[in-house]
K.L.:
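Input: one structure, supplied below.
What you see is a predicted model; the values in this text were computed from it and never measured. Labels below follow one simple rule: chain letters A, B, ... track the order of the sequence lines, proteins then strands, and each chain is numbered from 1.
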Amino acid sequence: MPELPEVEVVRRGLERGVVGRVIDGVEVYHPRAVRRHAAGPEDFAAVLLGRTVTTACRRGKYLWLGLSPQGAEAAGPEAAGPEAVEAAAAGAAAAGAAAAGAGESLLGHLGMSGQLLVVPSDSPDQVHLRVRFRFGDGGRELRFVDQRTFGGLAVVSGADLPTSIAHIAPDPLTADFDVERFVDALRRRRTGLKRALLDQTLISGVGNIYADEALWAARLHYARPTETVSRAEANRLLEAVRTVMTAALAAGGTSFDRLYVSTEGVSGLFERSLEAYGREGEQCSRCAAPIRREAFMNRSSYTCPVCQPRPRRARW
DNA sequence: AATACGTCCTGCTTGC
DNA sequence: TGCAAGCAGGACGTAT
């Protein structure tokens, strides 16, 4: 299931594989894949034609491709190569608010099983191929493949940060993540600790796997009421989130159920490094107690019953 | 306002 | 053997 590290691997693949290229063909095979595109599948395909991909960005689990203005003379791949990327990055940093909201982007979310693949045009169609993008250079095409169709694509306003995801909090791997702000906001909540971690308006990019891994690393139980979490514990938890995600990114992500792959179709190797998630009955690497699985929020939570004792006052 | 929960979706696994 | 229930779970709309 793609969370921040997996989405970042995909973003990097898109940066290498499609930035600087001109879209000249779009085919939507399943309308649900573009349900967030308000104007419908036909408009989705039409509005992308002739646009150059200028950037590949990410916040939390969302990723988006910056698009050259509609109707602008299509720049050749050479003209809109790395220079365009640098210009966009510099513009975002320097112009700040002035650049925010301007322009359009192809926004995507992988959901549970979404894949963005950059593959040769003559490679066989995937069973769950939902959208195909061809490029003017005739090179490899971009394919959105999604078995469970929880993911989706849409053309939206905003290039710096699409307006439709302005409610998504910064993610903990960005340099300007405000630690104090996060700690304060977490401790003001009145909910369980894992619920808070999974709330993308508080901190983005954390899903079920890395929430369990970070809680295990920080020796905290998922049902700890947030108002009882000390500043030190909150900082420890955030540090654990960063550590586990950084390690996962270095390993190419976690491919727990083989539905997550990079743009090249490669699985990540972090599954073998998981300490809690998916390890029910196996020994905790710290204390040898068997890892416990419990139903929680209609999904599973894995904890070490010794390292992560259930709080007397539990909240979930 | 803030928090909680049902719903969407498909394919693999489990159990009778 | 075959069928059905269970399970995986991110984000959003709705309910409280």
K.L.:
Provide, to the nearest angstrom, the distance between the CD1 atom belonging to Ile165(A) and the C1' atom belonging to dG10(C).
P.N.:
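Rounded to whole Å, this separation is 14 Å.
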K.L.:
Taking five pairs at each end, how big is the angle between the two axes of the helix from dA2(B)-dT16(C) to dC16(B)-dG2(C), to 10°?
P.N.:
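Inter-axis angle at the termini of the helix from dA2(B)-dT16(C) to dC16(B)-dG2(C): 60°.
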K.L.:
Between Leu259(A) (CG) and dC7(C) (P), how many Å, whole number?
P.N.:
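Atom-to-atom, Leu259(A) to dC7(C), this comes out as 18 Å.
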K.L.:
Checking side chain to side chain contact (heavy atoms under 4.5 Å, CB included) between Leu65(A) and each of Val155(A), Val53(A), Thr54(A), which is the one that passes?
P.N.:
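Among Val155(A), Val53(A), Thr54(A), the one meeting side chain to side chain contact (heavy atoms under 4.5 Å, CB included) with Leu65(A) is Val53(A).
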K.L.:
For dA11(C) and His167(A) - does any side-chain N or O of the residue sit under 4.0 Å from the phosphate oxygens OP1/OP2?
P.N.:
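False: His167(A) side-chain N/O out of range (4.0 Å or more) of dA11(C) OP1/OP2.
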K.L.:
At 4.0 Å (heavy atoms only), tell me whether Tyr62(A) reaches a base, stays on the sugar-phosphate, or touches nothing.
P.N.:
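If one applies the 4.0 Å heavy-atom cut-off, Tyr62(A) turns out to touch the sugar-phosphate alone, with no base involved.
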K.L.:
Any base atoms under 4.0 Å from Arg293(A), or only sugar-phosphate, or nothing? Heavy atoms, all strands.
P.N.:
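If one applies the 4.0 Å heavy-atom cut-off, Arg293(A) turns out to touch the sugar-phosphate alone, with no base involved.
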K.L.:
Rounded at 0.5 Å granularity, tell me how far OG in Ser262(A) sits from CZ in Arg16(A).
P.N.:
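Answer for the OG-CZ pair, Ser262(A) versus Arg16(A), is 7.5 Å.
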K.L.:
Whole Å only: how far is the CE atom of Met297(A) from the P atom of dT3(B)?
P.N.:
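So the CE-P distance, Met297(A) to dT3(B), works out to 13 Å.
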K.L.:
Which residue is it: Glu213(A), Glu3(A), Lys194(A)? I am looking for the one with a side-chain hydrogen bond (donor to acceptor under 3.5 Å, both in side chains) to Asn208(A).
P.N.:
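Checked Glu213(A), Glu3(A), Lys194(A) against Asn208(A); only one passes side-chain hydrogen bond (donor to acceptor under 3.5 Å, both in side chains): Lys194(A).
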K.L.:
In chain order, what residues pass the side chain to side chain contact (heavy atoms under 4.5 Å, CB included) check against Val183(A), with sequence neighbours excluded?
P.N.:
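For Val183(A) the side chain to side chain contact (heavy atoms under 4.5 Å, CB included) partners, ignoring immediate neighbours, are Val179(A), Arg187(A), Arg231(A), Ala234(A), Asn235(A).
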K.L.:
Treat primed atoms plus P, OP1 and OP2 as sugar-phosphate and everything else as base, then score nucleotides 4-13 of chain B 5' to 3': B for base contact with protein heavy atoms under 4.0 Å, S for sugar-phosphate contact only, - for none.
P.N.:
SSS-BBBS--
K.L.:
From CG of Asp146(A) over to P of dA8(C), roughly how many Å is that when rounded to an integer?
P.N.:
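Atom CG in Asp146(A) sits about 19 Å away from atom P in dA8(C).
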K.L.:
Within the 4.0 Å heavy-atom criterion, would you say Ser113(A) contacts the bases, only the backbone, or no part of the nucleic acid?
P.N.:
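It contacts nothing in the nucleic acid.
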K.L.:
dA11(C) P sits how many Å from Arg36(A) CZ, rounded?
P.N.:
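The distance from CZ of Arg36(A) to P of dA11(C) comes to 11 Å, rounded to the nearest Å.
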K.L.:
Tell me the interatomic distance from Met112(A), atom CE, to dC12(C), atom P, rounded to whole angstroms.
P.N.:
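Rounded to the whole Å, the gap is 16 Å.
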K.L.:
Using a strict 4.0 Å threshold on nitrogen-to-oxygen distance, state whether Glu264(A) and Arg140(A) make a salt bridge.
P.N.:
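The answer is yes: the pair qualifies as a salt bridge.
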K.L.:
Does a side-chain N-to-carboxylate-O contact under 4.0 Å join Glu8(A) and Arg11(A)?
P.N.:
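Salt bridge flag = yes for Arg11(A) with Glu8(A).
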K.L.:
I'd like to know if the side chain of Gln200(A) and the backbone of Leu198(A) have a donor-acceptor N/O pair within less than 3.5 Å.
P.N.:
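Confirmed, Gln200(A) side chain pairs with Leu198(A) backbone.
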K.L.:
Please confirm whether the backbone N or O of Ala33(A) pairs with a side-chain atom of Thr149(A), one donor and one acceptor, at under 3.5 Å?
P.N.:
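Judged by distance alone, no pair lies under 3.5 Å.
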K.L.:
Quickly work out the Tyr260(A) OH to dG9(C) P distance and round it to whole Å.
P.N.:
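Distance, rounded to whole Å: 17 Å.
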K.L.:
Separation of Leu198(A) atom CG from dG9(C) atom P, in whole Å?
P.N.:
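Interatomic distance, CG of Leu198(A) to P of dG9(C): 10 Å.
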K.L.:
Could you tell me how the ring of His109(A) sits relative to the ring of Tyr62(A): parallel (under 30°), tilted (30 to 60°) or perpendicular (over 60°)?
P.N.:
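His109(A) and Tyr62(A): perpendicular rings.
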